[in-house]
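These notes concern the structure reproduced below.
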Amino acid sequence: MLFMVAMTVFFTSCSEDDAAPETGSLAIEFDAYAGTQNLVLGTGVYQNSLDQDFSVDVLRYYISNIRLKRQDGTFYEDPMSEDGSKGYYLIDDSDAASTIVTLEDVPADHYIGAEFTIGVDANRVSQGAQTGALDPANNLFWSWNAGYIFVQLEGTSPQSNEEDDLILFHVGGYKTDVANPNLKNNIRVKSISFGGDEAHVSASAEPEIHVIVDIKKFFEGGTVVDFSTTAPCHSPTCGESIANNYVEAFVFDHMHQ
Amino acid sequence: MKNLFAWLVVLSLVACADEDESPAVQFWQPDDFPPATYTFQNNPVTAPGFELGRMLFYDPVFSRDSTVSCANCHLQAVAFADPAHKISVGINDRIGTRNAPPIFNLAFKSNFFWDGGVNHIDFIPINAIVNPNELDQDIDVLISKLNKYNRYPQKFKDAFNKANIDSQQMLFALSQFMVMMVSANSRYDQYVNGNKSVLAEQEIRGLALVESKCTSCHTPPLFTNDGFANNGLDTEFTDRGRAIITESENDVGKFRVPTLRNVELTDPYMHDGRFRTLEQVLTHYQQGVKDSPTLDPLLKQNETPGIVLSDTEKADIIAFLKTLTDRSFTQDKRFANPFLP
């Protein structure tokens, strides 16, 4: 009751302020590629840097803590709700709608870049059960090592020595402990610049930022992944090199104003 | 902060009191316990939420074939441990890998399961639900079962007032039930709180021995330091324990230090249930501790690994350990099976 009163007072005092500032929307599309080809789940055959063929059946990942950079270097932060239902986005490449993240109520401004987290931060996990994109029913939750799988890539490669030629990468791990450097924190924050372009957000304009996610880069860069020796990867330590690789896979391509 | 939590609980109770005649549902923060770590601000305990959690805990709908409930391996009579099995048994008589731990005083702890892989109470049930050797059920399937089950939609609405049941509400209800399980009314507690006549001489001698030999790890008032230790069960570990989570060789063979509260009831002992009696446990510390690179340093202070104990001291310690049994907890009707008359 006390809170209700406090909330009411709070809202009342807000509504007495000036007229609401102009807002608009901004969309970010996460478009999966394998090198120069559009990623086709299931049937597409691609090659890693060792010329090993592979296909991808599942590509899902979490994007969160999205921030848009203003010309003066300050940021607009996409709000995140207490129950995790807003501000966390589960991108599932088999669901086209999920690959476009639309930010609503963005203050009208000229934005020159963006920042986002690949994964789900420790602060959110420490708040307990969540809803929406973070609902464990989405099966991107490690039950045995509580926390989210940030990036899930599953497929096959004839070079794999696993059953059914499986290749499996579940990257997660956010726990830290000064006493144990082995505990891997695989949260990665990616900054992208709009390449000199500006996204003009206003009530009448909804810019769309096109980000390419090149899954070939998951397997090259800092660590070259050899499908013939890589066992299924589903621990924070195993995922570290993949996380270091995939942070380079997210690249600004172009925007539609 | 502690006061804020208490306030939230009180508020939610006031809100429910008019419409609900069920027994008092109020989180108990014993004065000498550390402050609760549970995120009550996200999930305040209410009478309908607690009662719903209680039903869920005892409902076999939680297993894939609807045969096994949480209570199959967590029996109130033995402080919600599993008395029947060294290694607990899930659906289709599948055997797990570890002994089911008791459930109480979770609200004051920061890590759960033998390897500490889970660090929030809300996530505890997920582990048991999806484990193929336990309930073997996908969370999304369980939620759709609950939504279709006549018994539940109204009860979830009463507790959380949302249109549909989701996993957050299911986990919140179970957490409300589990955080309420506070065990702090043993004879030891009465002794500490000033009633010096409740402990016999041998038990008091045992208390002094425990304080000098055991409380570095089994630290009062929870009788655990919430840490992990290799207590010398083996020289090589097929179950790597804490190292599975930390991926550090320094943690191989370490397991969560279990509480000694209600330990009289929670046999068999150790992560694999290898010891049936407290006598066997103390004999292990007296003469069975095996050396290995991660053996706890406190067990390496003497010429041979272990704790120096005479047989009389062992008997005194066991006498004391039995004073940590809390029958008011194991007989508390609020935690009993709601499906039984």
Side-chain angles (χ1 to χ4, degrees), chain A residues 1-7 80-86 88 90 120 122-149 171-186 233-241, chain B residues 7-8 10-12 14-15 37-43 97 110-113 115-131 134 138-144 160 162 164-175 179 228 242-251:
Chain A
M1 202 52 199
L2 182 63
F3 292 121
M4 296 278 283
V5 173
M7 294 287 272
M80 299 191 286
S81 64
E82 282 303 314
D83 63 358
S85 60
K86 292 202 176 77
Y88 292 83
L90 170 52
V120 179
N123 289 340
R124 179 57 51 189
V125 183
S126 67
Q127 292 301 313
Q130 306 285 313
T131 65
L134 298 183
D135 190 326
N138 292 319
N139 292 322
L140 274 181
F141 191 87
W142 269 335
S143 58
W144 59 281
N145 189 358
Y148 292 87
I149 296 169
V171 180
Y174 62 93
K175 296 172 182 173
T176 50
D177 176 3
V178 282
N180 176 18
N182 284 352
L183 213 52
K184 301 302 182 191
N185 182 345
N186 289 330
C233 177
H234 42 61
S235 75
T237 297
C238 174
E240 184 184 36
S241 58
Chain B
W7 253 99
L8 286 171
V10 172
L11 279 174
S12 58
V14 172
T37 57
Y38 186 65
T39 47
F40 287 105
Q41 70 274 25
N42 298 340
N43 183 26
T97 56
S110 54
N111 58 69
F112 310 95
F113 294 95
D115 57 20
V118 172
N119 50 7
H120 195 289
I121 294 170
D122 290 352
F123 302 136
I124 291 174
I126 299 177
N127 213 352
I129 295 166
V130 304
N131 189 320
E134 297 180 43
D138 288 339
I139 301 290
D140 51 342
V141 176
L142 171 60
I143 297 305
S144 73
F160 300 106
K162 287 193 175 176
N164 290 303
I165 300 170
D166 64 18
S167 76
Q168 184 191 51
Q169 297 162 56
M170 180 269 290
L171 297 170
F172 275 1
L174 283 168
S175 287
V179 295
F228 302 86
R242 180 66 176 156
I244 294 172
I245 302 304
T246 64
E247 302 187 72
S248 167
E249 291 304 308
N250 297 330
D251 290 330

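Values below: all heavy atoms of this structure, side chains included; hydrogens, waters and symmetry mates excluded.
Contact between A243(B) and S248(B) at its shortest, heavy atoms only, is CB-O, 3.4 Å. Contact between Q130(A) and Q168(B) at its shortest, heavy atoms only, is O-CB, 3.5 Å.
Put simply, the side chain of F112(B) does not reach to within 4.5 Å of the side chain of N127(B), judged on heavy atoms. At a threshold of 4.5 Å between non-hydrogen side-chain atoms, the residues D115(B) and W144(A) do not count as touching. The shortest distance between side-chain heavy atoms of Q127(A) and Q41(B) falls below 4.5 Å. Looking only at side-chain heavy atoms (C-beta outward), Y174(A) and V120(A) stay at 4.5 Å or farther from each other. Contact annotation: the side chain of F141(A) approaches that of I126(B) to within less than 4.5 Å [non-hydrogen atoms, C-beta and beyond].
Top candidate by heavy-atom pairs under 4.5 Å with chain A, chosen from L142(B), I124(B), V118(B), I121(B), is V118(B). Among the candidates S167(B), P125(B), S175(B), the residue making the largest number of heavy-atom pairs closer than 4.5 Å to chain A is S167(B). Contact count against chain B (heavy-atom pairs under 4.5 Å) is highest for S143(A) among G173(A), S143(A), P236(A), G147(A). Contact count against chain A (heavy-atom pairs under 4.5 Å) is highest for E247(B) among E249(B), M170(B), E247(B).
Ring geometry for F40(B) versus Y38(B): interplanar angle over 60°, hence perpendicular rather than tilted (30 to 60°).
Contact of F172(B) with chain A is made through the side chain alone, with heavy-atom distances under 4.5 Å. Contacts of V130(B) with chain A are made by side-chain atoms alone, with heavy-atom separations under 4.5 Å and no backbone atom involved. Of the two parts of N145(A), the backbone and the side chain both hold a non-hydrogen atom closer than 4.5 Å to a non-hydrogen atom of chain B. Residue I129(B): no heavy atom, backbone or side chain, is found under 4.5 Å from chain A. Only the side chain of N42(B) comes within contact range of chain A, judged by heavy atoms closer than 4.5 Å. Looking at T131(A), both its backbone and its side chain come within 4.5 Å of chain B, counting heavy atoms on both sides. Only the side chain of L171(B) comes within contact range of chain A, with at least one heavy atom under 4.5 Å from a heavy atom of that chain. Of the two parts of K184(A), neither the backbone nor the side chain holds a non-hydrogen atom closer than 4.5 Å to a non-hydrogen atom of chain B. Of the atoms belonging to D251(B), it is side-chain heavy atoms, and not backbone ones, that fall under 4.5 Å from chain A.
No side-chain donor from either of T246(B) and N182(A) sits under 3.5 Å from a side-chain acceptor of the other.
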